[in-house]
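In what follows, a single structure is set out as structure tokens and then discussed.
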Amino acid sequence: MSLSRFLIKRSLQGLFVIWGVITVVFGLRFISPGDPANVLLPPDVDPEVRAQVIAELGLNEPLYVQYWQFISGIPFGDLGLSLVTRTPVAARVVARLPATMELAIAATIVAVVIAIPLGVLSATRRHQPADYGATVFSLVGISTPNFWLGVMLILVLAVQLNLFPTSQRPIGLDGIAMLLAGGDVGAAVDGFVTWLWHITLPAITLGTYFTALITRLTRSGMLDQLGQTYVRASRAKGLPETLVRYKHALRNTLIPVITVIGLQLGTLIGGAVITEAVFAWPGLGTLIINSINARDWPVLQGSLIIVAVGFVLVNILVDALYAYVNPQVAYD
Amino acid sequence: MISERTRRNLRRELRRSLLAKLGIVVVILMVAMAIFAPFISPYSPSQQNLDNARQPPLGFSTAETREVTQMENGSVVIEDGQVVTETQTVYTNATFAHPLGTDGNGRDILSRIIYGARTSILVGLFGTSLAALIGVLVGLSAGFYRGRVDDVLMRSADIMLAFPSLVLAIALVGVWGQAQAPIPDPFVATGIAPAFRSAVGLPTGMPETVVLPGTVIVVVALVNWVWFARVARGEALSIREEEYVKAAKALGASDGRTVLRHVLPNAITPILVLATIQVAAIILLESALSFLGFSGADVSWGFDIALGRQYQSTAWWISTMPGLAIVVTVIGLNLVGDWLRDALDPGIEGEGGV
């Protein structure tokens, strides 16, 4: 199968999954006790007003009509109106995207920059102190709940030592880009420093689990590769050890590591939700939590759809990249 | 179901690995703590003492300045129509009565950690069992029947996987609300624990019920069954081609019998390894839900971490201690998982080399 046919097949599967996601999210409303009109109205409201609101929300339509109304707007970016603010859900979700994406990307950078050298070090110095240190670190790292790590970082580095702010995101990369576009370089630089200062603790909080996980994977992948015949052959042929390790072994180790990073994106987004809650980071996670607390179903549904669709799309992209990078992969 | 060879591998790996031994000890200690909470807990987890709030753990003391109204002969001093206050430094020392300190309401943190173990372990065990039940049923059917059954079941698994599990869990618990089932604590109901406590001189009045967080258990199972389905399907796909399965079919065994008697026993090892790791993952998920206040649990490690946050500048131990309990438990489970994986699947390169 060619790459383009593979992509078409994978996209069709993705479309099916997205349809399924939307349907599951539509169904969420029906497992909740109480109907959405209760969110808008006081309990002792006049039944006539109540009936009118229900009609306005389209809640008295037959189920298939409601389903069609829900699903038909989505391809055009219409996710309905918030029950609480009566503003379009899509706009609110999109406004929160940059904060979450920044956090996820910053955490991934932290993880990759620390984990891959650490994993390599650990594998090449097997059974030495550095290896034990890295092994203990990765065991503790994958076992620590990130929200608790965040609370501890705040406790020590923000409250006690006053090195970092405890929460908030006064400016984002989108805001900095706007300053740059306006030609105000000085303010943009200041903004970037503020941004970096505020994102450090959340990025460490979210990134630690992945750092630990990738360290583990890199270590066992490297050990596996270093034991292969081709490594012995390269050494026998007289290639310098650095070339053998970093050009051959490491490159082959990275292929599965990249796949796992792709597969773990869901965990990354889940982790971002709770990290945002710890640091009052105004991303999708805090939007989801607030919408649950306010019983604002359309906002919850819209956020879930955006998260799941984004996840499906990224996975297709990772698959395609993987197939492109590694020609051995069978497209099926 | 566990062969002699498997048992030999388990024993050999256990002898070799210090970390595996450590993991088993930690897990046994945590489970024992949860089961015997009414015997060993110094106090009831909900017993408040506002006069003794925020007492530090052993080895620490705090100094705190407070505005105190000035008293003279048992009455408030008033000058120029104003209550006179003075600044006092209040020192709080640790005591052996509360080795891990007390929380913002003067509740004993050690007791809350001991009782919190019940919540974590109940959700971990029941949540994993339910997830395994659903996942193994789905996975075995998909792998055994293949074709259309496989397509339908695995595509629905894909849909579940498109939601990050924590996000889906928050949404489901948030939408569903929290149903909890209080079950009488057998040790308290039979009077064994109260009798033991008064005999050794511990305060009585322990909680009479164990709270089973029903919604949380169902939700963690619903978001995690997919992993079991994937593993079970993979196993069933290869096992169905084995001679003994074909023989069973040829002899006229029903599908149900073939799957339960021949496929499942041979797929059980990887499912067990996965289950151990899943208990750890589900304990983490429960603590996250409790931290966010969605689980409805009032004695839970995650919930206590959140409660401690309002005292982060004055009483660091309130958030710190329950988090350490989570970390220790999850490390223990991960070590046991590594042990099982190394012992049962020699094809995989071992990790921790201690």
Side-chain angles (χ1 to χ4, degrees), chain A residues 13 16-18 20-21 23-25 28-29 31-33 126-127 131-132 135 138-140 142-149 151-152 154-156 159-160 166 216 219-220 223-224 227 265-271 273-274 277-278 285 288-289 292-293 297 300 303-304 307-309 311-312 315, chain B residues 19 155-156 158-177 223 277 280-281 283-285 287-289 291-294 301-302 305-306 308-309 312-314 316 319-320 322-324 326-335 338 348-354:
Chain A
Q13 279 175 355
F16 170 80
V17 172
I18 288 171
V21 161
T23 307
V24 168
V25 167
L28 266 184
R29 209 190 77 212
I31 64 167
S32 82
R126 203 176 182 190
H127 300 312
D131 182 25
Y132 293 134
T135 307
S138 45
L139 178 65
V140 175
I142 60 165
S143 307
T144 303
N146 61 3
F147 60 90
W148 180 71
L149 179 67
V151 171
M152 291 298 108
I154 291 176
L155 210 67
V156 177
V159 175
Q160 297 295 330
T166 55
R216 258 189 167 202
R219 177 182 183 271
S220 60
L223 285 176
D224 191 36
L265 276 170
T267 322
L268 190 69
I269 297 170
V273 169
I274 196 155
V278 173
I288 288 173
I289 291 168
I292 291 173
N293 287 330
W297 305 138
L300 174 64
S303 314
L304 285 176
V307 166
V309 169
F311 186 45
V312 170
N315 265 323
Chain B
L19 288 176
R155 287 293 89 77
S156 41
D158 284 350
I159 293 170
M160 296 301 290
L161 280 177
F163 295 101
S165 57
L166 179 63
V167 177
L168 188 59
I170 292 173
L172 283 174
V173 179
V175 170
W176 238 326
V223 301
I277 302 164
I283 286 179
L284 284 175
L285 190 55
S287 70
L289 288 172
F291 176 76
L292 294 173
F294 286 130
W301 295 338
I305 294 172
R309 290 201 71 195
Q312 62 187 15
S313 54
T314 55
W316 52 268
S319 289
T320 307
L324 288 176
I326 300 175
V327 175
V328 169
T329 309
V330 175
I331 287 181
L333 286 163
N334 279 331
L335 289 177
D338 286 352
I348 298 175
E349 169 80 18
E351 274 176 12
V354 179

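Here the structure is a predicted model, which means the values were calculated and not measured. Each chain gets a letter, A, B and so on, in the order its sequence line appears, and its residues count up from 1.
Considering only heavy-atom pairs separated by less than 4.5 Å from chain A, the leading option among B/L168, B/L172, B/L335 is B/L335. The greatest number of non-hydrogen atom pairs below 4.5 Å with chain A, out of B/V328, B/L324, B/T329, is found for B/L324. Looking only at heavy-atom pairs under 4.5 Å with chain B, the residue among A/G285, A/G227, A/P145 that has the most is A/P145. Counting heavy-atom pairs under 4.5 Å between each of A/V25, A/I142, A/N315 and chain B puts A/I142 at the top. Counting heavy-atom pairs closer than 4.5 Å to chain B, the top residue among A/L304, A/L268, A/V307 is A/L304. Most heavy-atom pairs under 4.5 Å with chain B, from the set A/V312, A/I269, A/N146, A/V151: that is A/V151. By number of non-hydrogen pairs under 4.5 angstrom with chain A, the leading residue of B/A162, B/G174, B/S156 is B/A162. Contact count against chain B (heavy-atom pairs under 4.5 Å) is highest for A/V278 among A/T23, A/V278, A/V309. When each of A/S138, A/G271, A/S303, A/G20 is scored by its heavy-atom pairs under 4.5 Å with chain B, the top score falls to A/G20.
Judged as a side-chain contact (heavy atoms from CB on, under 4.5 Å), and not counting sequence neighbours, the contacts of A/V273 are A/I289, B/V167, B/I170. When the ring pair (Phe, Tyr, Trp, His ring centres under 6.0 Å) test is applied to A/F147, the partners found at least two apart in sequence or on another chain are B/F291.
For B/I331, the parts lying under 4.5 angstrom from a heavy atom of chain A are both the backbone and the side chain. Looking at A/V24, the atoms closer than 4.5 Å to chain B (heavy atoms on both sides) all sit in the side chain, from C-beta outward. There is no contact between A/V156 and chain B, counting heavy-atom distances below 4.5 Å. Contact of A/V140 with chain B is made through backbone and side chain together, with heavy-atom distances under 4.5 Å. For a residue to count as touching a neighbouring chain, one of its non-hydrogen atoms must lie under 4.5 Å from one of that chain's; by this rule A/V17 touches chain B with backbone and side chain alike. Interface remark: A/I18 contributes no atoms to any contact with chain B (heavy atom separation under 4.5 Å). With a threshold of 4.5 angstrom between heavy atoms, B/A288 approaches chain A through its backbone and through its side chain. Residue A/I288 touches chain B through its side chain alone, counting heavy-atom pairs closer than 4.5 Å. Contact annotation for B/S165: neither backbone nor side-chain heavy atoms come within less than 4.5 Å of a heavy atom of chain A.
When all heavy atoms of B/Q312 and A/Q160 are compared, the pair lying nearest together is O-NE2, 4.5 Å. Counting all heavy atoms, side chain and backbone alike, B/A169 lies closest to B/L285 at CB-CD1, 4.3 Å. Residue B/V330 comes nearest to B/A280 through the heavy atom pair CG1-CB, 4.0 Å, listed as atom of the first residue, atom of the second, then distance. Contact record, B/A171 with A/L300: CB-CD1, 4.2 Å, taken as the closest heavy-atom pair.
With values rounded to the nearest 0.5 angstrom, A/Q13 atom CD is found 7.0 Å from B/D158 atom CG. One finds the OG atom of A/S143 at 9.0 Å from the CG atom of B/L333 (value rounded to the nearest 0.5 Å).
In terms of modelled atom types and a separation under 3.5 Å, the side chain of B/S319 and the main chain of B/I305 share a donor-acceptor contact. When atom types are taken as modelled, the side chain of A/D224 and the backbone of A/S220 share no donor-acceptor pair closer than 3.5 angstrom. A donor-acceptor contact shorter than 3.5 Å is absent between the side chain of B/R155 and the backbone of A/F16.
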